[in-house]
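Here is the structure we will look at.
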Amino acid sequence: MENQTTHKVNTFSLNPYRWILKTRIIKGFDELNKQNYHYLTNLFDDNVNYEFEGDHSLGGTRISKGGVEKWFERLLRLLPSKFLVNSIVVSGPIWDTTAIIEFTDTVTPKFGQPYINNGIQVIKLHFGKVLKVHTYVNTNKVINALTVLYDNGIIEAKADKIEE
């Protein structure tokens with residue numbers, strides 16, 4: 001049964017593969033809302049390429065599942081979030097699938113004002129394994145929140161990017 005508090009996506013599809021992918025994506029965001037990123041990273045290829053836009057401590061590109069796990073740990077420490085999945089589009093054959101997710105992220109940092117950031121994620125998959133993720137959000141909002149955290153003594157907010 002769909003939980004309307006974390007997504008408003010109709011997962012119906014005549015294509016069973018696309019239905020399964022949409023369901024897994026929604027479950028991944030649901031788990032991330034519970035601070036559990038492992039559900040998502042278990043869907044990733046060991047050599048996943050994960051890119052998050054921006055020149056800040058959360059920006060850059062990770063090229064392994066281990067690097068992505070470190071990034072999620074930092075994200076959840078610095079910018080605790082609740083995600084609402086607004087739409088998912090899945091296209092392509094099982095060996096070359098693209099999923100595009102539109103989401104709303106309500107961020108509640110330890111210091112500073114909560115804010116909402118809308119984003120898009122483009123995911124490339126091969127037989128259900130995530131090969132590449134590119135996340136686009138308003139990086140000015142991220143940088144502003146990280147600056148407030150740093151100004152309040154959270155040194156990690158200005159740490160080097162987690163890149164490999």
Side-chain angles (χ1 to χ4, degrees), residues 3-9 21-22 24-90 98-125 129-164:
N3 179 348
Q4 293 299 319
T5 61
T6 56
H7 63 85
K8 52 184 178 181
V9 175
L21 276 182
K22 287 180 178 184
R24 286 184 178 170
I25 289 167
I26 289 168
K27 171 91 169 138
F29 277 93
D30 286 346
E31 289 300 313
L32 194 54
N33 284 341
K34 298 174 192 171
Q35 308 291 303
N36 175 17
Y37 60 85
H38 295 290
Y39 178 86
L40 284 173
T41 58
N42 286 335
L43 302 175
F44 291 178
D45 186 78
D46 289 338
N47 298 312
V48 67
N49 180 304
Y50 193 102
E51 189 169 352
F52 190 92
E53 286 296 310
D55 187 17
H56 49 78
S57 65
L58 292 169
T61 303
R62 274 78 30 212
I63 56 171
S64 73
K65 191 185 296 191
V68 174
E69 288 174 346
K70 289 177 188 173
W71 181 86
F72 271 117
E73 290 166 2
R74 178 178 284 177
L75 171 70
L76 295 175
R77 274 192 305 274
L78 295 176
L79 301 177
S81 300
K82 292 293 180 194
F83 295 92
L84 173 68
V85 178
N86 300 310
S87 68
I88 302 172
V89 176
V90 177
T98 300
I100 300 172
I101 300 103
E102 176 192 8
F103 63 90
T104 301
D105 181 11
T106 301
V107 183
T108 53
K110 185 175 182 178
F111 298 101
Q113 294 298 313
Y115 66 94
I116 293 175
N117 206 342
N118 296 306
I120 299 287
Q121 242 180 10
V122 180
I123 301 173
K124 295 295 287 180
L125 303 101
K129 275 291 192 187
V130 175
L131 301 177
K132 184 173 183 171
V133 179
H134 198 134
T135 303
Y136 302 89
V137 297
N138 182 332
T139 57
N140 287 331
K141 290 182 178 185
V142 175
I143 291 168
N144 290 340
L146 292 172
T147 300
V148 170
L149 289 171
Y150 183 79
D151 291 346
N152 282 277
I154 309 295
I155 303 303
E156 186 179 27
K158 292 282 180 156
D160 291 338
K161 298 174 184 178
I162 298 171
E163 291 190 302
E164 308 157 309

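Every value quoted in this text rests on a predicted model; they were computed, and no experiment measured them.
Taking 4.0 Å as the cut-off between side-chain N and carboxylate O, K70 and E73 do not count as a salt-bridged pair. Between K161 and D55 there is a salt bridge, since at least one side-chain N of the basic residue sits less than 4.0 Å from a carboxylate O of the acidic one. Look at E31 and K27 and you find a salt bridge, because one of the NZ, NE, NH1 or NH2 atoms lies within 4.0 Å of a carboxylate O, short of that distance.
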(request) Report the C-alpha separation of N144 and Y115 in whole Å, then their side-chain angles, then the decisive distance to 0.1 Å, and conclude whether the side-chain contact (heavy atoms from CB on, under 4.5 Å) test is met. (result) CA-CA 10 Å; N144 290 340; Y115 66 94; over 6 Å; no

(request) Any chance you could lay out the side-chain contact (heavy atoms from CB on, under 4.5 Å) test for L84 and T106, step after step, and finish with the verdict? (result) CA-CA 8 Å; L84 173 68; T106 301; over 6 Å; no

(message) Applying side chain to side chain donor-acceptor pair (under 3.5 Å) to T139 and E53, what does each step give before you reach the verdict?
(response) CA-CA 7 Å; T139 57; E53 286 296 310; over 6 Å; no

(request) Starting from the C-alpha separation in whole Å, work towards a yes-or-no answer on side-chain contact (heavy atoms from CB on, under 4.5 Å) for L40 and V68. (result) CA-CA 10 Å; L40 284 173; V68 174; over 6 Å; no

(request) Output, in order, the C-alpha distance, side-chain angles, deciding distance and verdict of side-chain contact (heavy atoms from CB on, under 4.5 Å) for K158 and T147. (result) CA-CA 7 Å; K158 292 282 180 156; T147 300; 3.5 Å; yes

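In this structure, the side chain of R62 does not engage the main chain of W71 through any donor-acceptor pair within 3.5 Å. Remark: side-chain polar atoms of N117 are paired, donor with acceptor, to backbone N or O of N138 under 3.5 angstrom. Between the side chain of T41 and the backbone N or O of K65, no donor-acceptor pair lies under 3.5 Å.
Nearest heavy-atom pair across V133 and V130 is CG2-CG1, 3.5 Å. For the residue pair P114 and P109, the shortest heavy atom distance occurs at CA-CD, 4.2 Å. Residues F44 and K129 come closest through the heavy atom pair O-NZ, 3.6 Å. Across all non-hydrogen atoms, the minimal contact from V107 to S81 is CG2-OG, 3.7 Å. Across all non-hydrogen atoms, the minimal contact from P80 to R77 is CD-O, 4.2 Å. For I116 against K141, the heavy-atom pair with the smallest separation is O-NZ, 2.7 Å.
Using a 4.5 Å heavy-atom cutoff, the side chains of L21 and I88 are not in contact. At a threshold of 4.5 Å between non-hydrogen side-chain atoms, the residues L32 and L76 count as touching. The shortest side-chain heavy-atom distance between L78 and S57 falls under the 4.5 Å cut-off. Residues L125 and L43 fail the side-chain proximity criterion, which asks for heavy atoms closer than 4.5 Å. Using a 4.5 Å heavy-atom threshold, the side chains of F52 and V137 count as touching.
With sequence neighbours left out, Y136 forms a ring-ring contact (aromatic ring centres under 6.0 Å, His included) with H134. Legend: residues meeting ring-ring contact (aromatic ring centres under 6.0 Å, His included) with Y150, ordered by chain and number and at least two apart, are absent.
To the nearest 0.5 Å, atoms CG (L58) and CD1 (I162) are separated by 7.5 Å. For the atom pair N47 CG and I63 CD1, the distance stands at 8.0 Å (nearest 0.5 Å). The distance from the CZ atom of R74 to the CG atom of L79 is 11.0 Å, given to the nearest 0.5 Å. The CG atom of L146 sits 11.0 Å away from atom CG of D151, with the distance rounded to the nearest 0.5 Å.
Sparse packing is recorded around CZ of R24, with 12 or fewer heavy atoms of other residues, nucleotides or ligands lying under 6.0 Å away.
Side chain to side chain, T135 and Q121 meet the donor-acceptor criterion of an N or O pair below 3.5 Å.
Using bins of under 30°, 30° to 60° and over 60° for the plane-to-plane angle, the ring pair Y37/F72 lands in the parallel bin.
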